[in-house]
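All remarks here apply to the structure that follows.
Scope of the values below: all heavy atoms of this structure, side chains included, with no hydrogens, waters or symmetry mates.
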Amino acid sequence: MPTPTSRRRVISLPLDGEGFCLRGLSPGRLRFEVEYGLERGTSANAFFFPGPSPLLVHPPGASFAEPFLAALAQHCDSSTPLRVVVSHVNPNRVALLRRLAASHPQLSLVATNAGRRLLQELWETGTSGQAEQAAPHSPLPAIDVVRSERRLPLGSGSCRLLPLPTPRWPDGLVCFDEATGLLMSGKFFAAHVCSEALGESTRQQLDEDRRYYYDCLMAPMASQVETAVDRLEELPIRAIAPGHGPAILESWRSLISDYRRWGEGPARSSLTVALLFASAYGNTAAIANGLAQGVAKAGVRINSVNCEFCSAEELLTAIQRSDALLIGSPTLGGHAPTQIVSALGTLLAEGDRNKPVGVFGSFGWSGEAIDLLAGKLRDGGFRFAFEPIRVRFSPDAATIKTCEEIGTDLAQDLKQQQRKEKRAAGGLSGSRSNPAVLALGRVTGSICILTSRKGSGEAALSGAMVASWVSQASFNPPGLSVAVARDRAVEQLLHVGDRFALNILASGREAGPMKHFLQPFPPGADRFAGMACSASPAGQPLINDALAWLEVQVEQRMECGDHWIIYGTVQQGGLLDEQGLTAVRQRHSGASY
């Protein structure tokens, strides 16, 4: 049976002009992170341009090393001086660059100043955080540092390099081919899809994938992403080739508009959560991203600050303008990085003790940095929003889901407190007395428990919610629609291709299941503990005391204000009580459930 590594390969796709896209294909995930949750594989796009000064843009990581180096050798002789534009430096990419340096003695690198720092730190320490004496490798090649927009020779023309830093990727660097109008956008506009086609066939083909990617990686830093998009839109773009997934050859304008629209919700919020972190190998950043994603889902603005690359003024402003503050750190050699210690000092001096804080971090052995942060803040009189999050090594799927739920709970608490303050100040909500809203409340729906389970064994993720906005939507095939609030934890398990069960409750017996699933669950809690359940043929949880059940496969999703409308086709179902009647939800107002 082939291993996931053996199934990876690299193909060469010609671009307009003189270049090639060297695309690494992986039908399975390289490692489990939330961004791969749609389980459609991934691709890693690098770009090679021959000529007097050959240029390689955005090389992949070591996961694709063997097939990538073989593919590159078909286009570039090892004796030729090769320039490599490096963005998003991490241990995996540094491992490939080491091998490239060994085979290309005249290699030189092009990176931002932040990229140069990361390259210097990781070249000797590799993936372990310790100097790798047992595995000698070539010296770090010369680095051409890009501090502001500039041009480089590209084939017979030139390209423009634009530094676009974000908190998650402070070393971001995109490349624009002026002759063809191709933007090699790196992390921006990407999607994790394993596809051999250079470009997407239709704009709608990857709508969900690009939105899912945005929600996972871009939404937690929406304000910085919008600034970057503003800069990119000034370029005379004709096509966009991101670091992952097919190129956008025709509809790039609408995708840019989508990026703006997707970030509008939290941007309108009057509440802000500041997220301060440092991350040596990406693990603490993954925790931070999960927290931020949960906050953003609830419609609260996130201000992400990478303490390793921010100014003292930026840090102070973030602390003073936040309604809650989260701070995270790795533990390196038993200590927190110097930048985190400095940020902690600023927080202790300038932070508001009336605003909630949270601490998180990853570690290899003992986690002293997390203890330092928690102890100093507790001694300083700060109020904790949640217990410190401690993750050994890399967070798994369940941990990231728990982090997201913690972030959502924090955002909902902030919004609730804001509503209380408005009521105390004499504010009124006119919507509840609006005749149209009162009339809307007379629309009734059956009371159901939506349940979902994805994966198997210890890696399985599950969720549930009370659903009353449910309606049959089609006869052939039999289908239904259900509205799911954007901040529901179960929403991430309801993407196209996923399955869920709709447990229709019986009139007179609905109180027990409703009470159970309406209670507030701690983040990461098992929603089904204490509830008598069985399983559908596809493994979805069924409530034993329900009137009937339906197993549904998600076919489409549509964003509608503060909800997602999920349309699915019924795969199987059954009556558990042929004599019972359906429980129905009666409301007085359309302003709430």
Side-chain angles (χ1 to χ4, degrees), residues 87-89 111-118 121 145-149 162-174 187-188 217-232 263 266-267 269-280 282 284-285 287-289 291-293 295-296 300-330 336-353 355-361 369 373 376-377 380 382 407 410-411 414:
S87 185
H88 317 310
V89 178
T112 65
N113 193 47
R116 175 190 60 80
R117 285 175 51 187
L118 290 169
E121 291 172 8
V145 177
V146 180
R147 302 181 186 278
S148 59
E149 181 181 338
L162 292 82
L164 290 178
T166 59
R168 183 75 184 269
W169 302 294
D171 53 339
L173 184 62
V174 304
K187 294 295 185 181
F188 296 100
L217 298 176
M218 300 295 168
M221 49 186 186
S223 61
Q224 293 95 336
V225 170
E226 183 176 5
T227 299
V229 170
D230 287 341
R231 179 67 191 89
L232 293 176
S269 175
S270 58
L271 295 168
T272 300
V273 174
L275 183 62
L276 315 180
F277 69 95
S279 187
T284 303
I287 302 169
N289 210 71
L291 290 165
Q293 189 178 358
V295 171
V300 171
R301 182 188 298 113
I302 275 284
N303 183 13
S304 295
V305 178
N306 189 326
C307 295
E308 295 180 275
F309 300 96
C310 73
S311 66
E313 181 180 359
E314 181 184 0
L315 177 66
L316 180 60
T317 299
I319 292 172
Q320 293 177 337
R321 294 183 180 178
S322 66
D323 297 283
L325 193 142
L326 311 180
I327 182 168
S329 174
T338 302
Q339 299 91 338
I340 287 293
V341 175
S342 177
L344 175 63
T346 304
L347 174 56
L348 291 170
E350 302 292 339
D352 187 339
R353 269 65 176 172
K355 296 177 180 179
V357 299
V359 170
F360 62 94
L373 295 175
K376 291 292 186 181
L377 290 172
F382 284 86
L410 171 61
L414 291 175

Review point. If you measure from OG1 on T346 to CG on L315, what distance do you get to the nearest 0.5 Å?
Key: 5.0 Å
Study note, to complete from the structure: Between A411 and V300, the two heavy atoms sitting closest are CB-CG2, 3.7 Å
Review point. P337 and A278: which non-hydrogen atoms are nearest, and at how many Å?
Key: CG-CB, 4.4 Å
Point to revise | Residue pair L326 / F277, side-chain heavy-atom distance below 4.5 Å | key: no
Revision key, fill the gap. Rounding to 0.5 Å, atoms CG (L162) and OG1 (T112) come to a distance of 12.0 Å
Review point. Run the side-chain contact (heavy atoms from CB on, under 4.5 Å) check on L348 and F382 step by step: do they pass?
Key: CA-CA 9 Å; L348 291 170; F382 284 86; 4.0 Å; yes
Review point. Is the number of heavy atoms from other residues, nucleotides or ligands within 6.0 Å of NZ (K376) greater than 12?
Key: no
**Study point:** Q224 vs N303 side-chain heavy atoms within contact, under 4.5 Å
**Key:** yes
Exercise for review: Determine, stepwise, if the pair I340 / L373 fulfils side-chain contact (heavy atoms from CB on, under 4.5 Å).
Suggested key: CA-CA 9 Å; I340 287 293; L373 295 175; 3.8 Å; yes
Practice item. Give a yes or no on whether R353 atom CZ has more than 12 heavy-atom contacts from other residues, nucleotides or ligands under 6.0 Å away. Key: yes
Check your understanding: Has the side chain of S342 got a donor or acceptor atom that lies under 3.5 Å from a matching backbone atom of T338?
Key -> no
Review point. Side-chain contact, heavy-atom cut-off 4.5 Å: L325 with L276?
Key: yes
Review point. What's the shortest heavy-atom distance between A318 and V305, and which atoms?
Key: CB-CG2, 3.9 Å
Point to revise | Check: T166 and S304 side chains under 4.5 Å, non-hydrogen atoms | key: no
Study note, to complete from the structure: Shortest non-hydrogen pair, P170 vs P165, comes out as O-CB, 3.3 Å
Review point. Any sub-3.5 Å donor-acceptor pair from R117's side-chain atoms to E308's backbone N or O?
Key: yes
Check your understanding: Are the side chain of S322 and the backbone N or O of A274 linked by a donor-acceptor pair below 3.5 Å?
Key -> no
Exercise for review: Dump the intermediate steps for side-chain contact (heavy atoms from CB on, under 4.5 Å) on L164 and L232, then the final yes or no.
Suggested key: CA-CA 9 Å; L164 290 178; L232 293 176; 3.6 Å; yes
**Study point:** Pairwise side-chain contact, L377 with I327, heavy-atom cut-off 4.5 Å (strictly under)
**Key:** yes
Review point. Roughly how far, to the nearest 0.5 Å, is the CZ atom of R116 from the CD atom of E121?
Key: 9.5 Å
Exercise for review: Report the C-alpha distance between M218 and K187 in whole Å, list the side-chain angles of each, state the deciding distance to 0.1 Å, and finish with yes or no for side-chain contact (heavy atoms from CB on, under 4.5 Å).
Suggested key: CA-CA 9 Å; M218 300 295 168; K187 294 295 185 181; 4.1 Å; yes
Check your understanding: Given T272 and R301, is the side chain to side chain donor-acceptor pair (under 3.5 Å) satisfied, shown in steps?
Key -> CA-CA 5 Å; T272 300; R301 182 188 298 113; 2.9 Å; yes
Review point. With a 4.5 Å heavy-atom cut-off, do E314 and T317 have their side chains touching?
Key: no
Review point. Is the backbone of L173 close enough, under 3.5 Å, to the side chain of S87 for a donor and an acceptor to pair up by distance?
Key: yes
Review point. What are the two closest non-hydrogen atoms of S279 and T284, and how far apart are they?
Key: OG-N, 3.4 Å
Practice item. Supply the atom-to-atom distance M221 CE to N289 CG, rounded to the nearest 0.5 angstrom. Key: 7.0 Å
Point to revise | Backbone of H88 reached by a side-chain donor or acceptor of D171 within 3.5 Å | key: yes
Practice item. Inspect the contact between R231 and E149 and indicate whether a charged nitrogen and a carboxylate oxygen are less than 4.0 angstrom apart. Key: yes
Revision key, fill the gap. d(L347 CG, Q320 CD) to nearest 0.5 Å is 11.0 Å
Check your understanding: To the nearest 0.5 Å, how far apart are SG in C307 and CG in L275?
Key -> 9.0 Å
**Study point:** Nearest heavy atoms of P266 and A296, plus distance in Å
**Key:** CG-O, 3.8 Å
Check your understanding: With a 4.5 Å heavy-atom cut-off, do F188 and V225 have their side chains touching?
Key -> yes
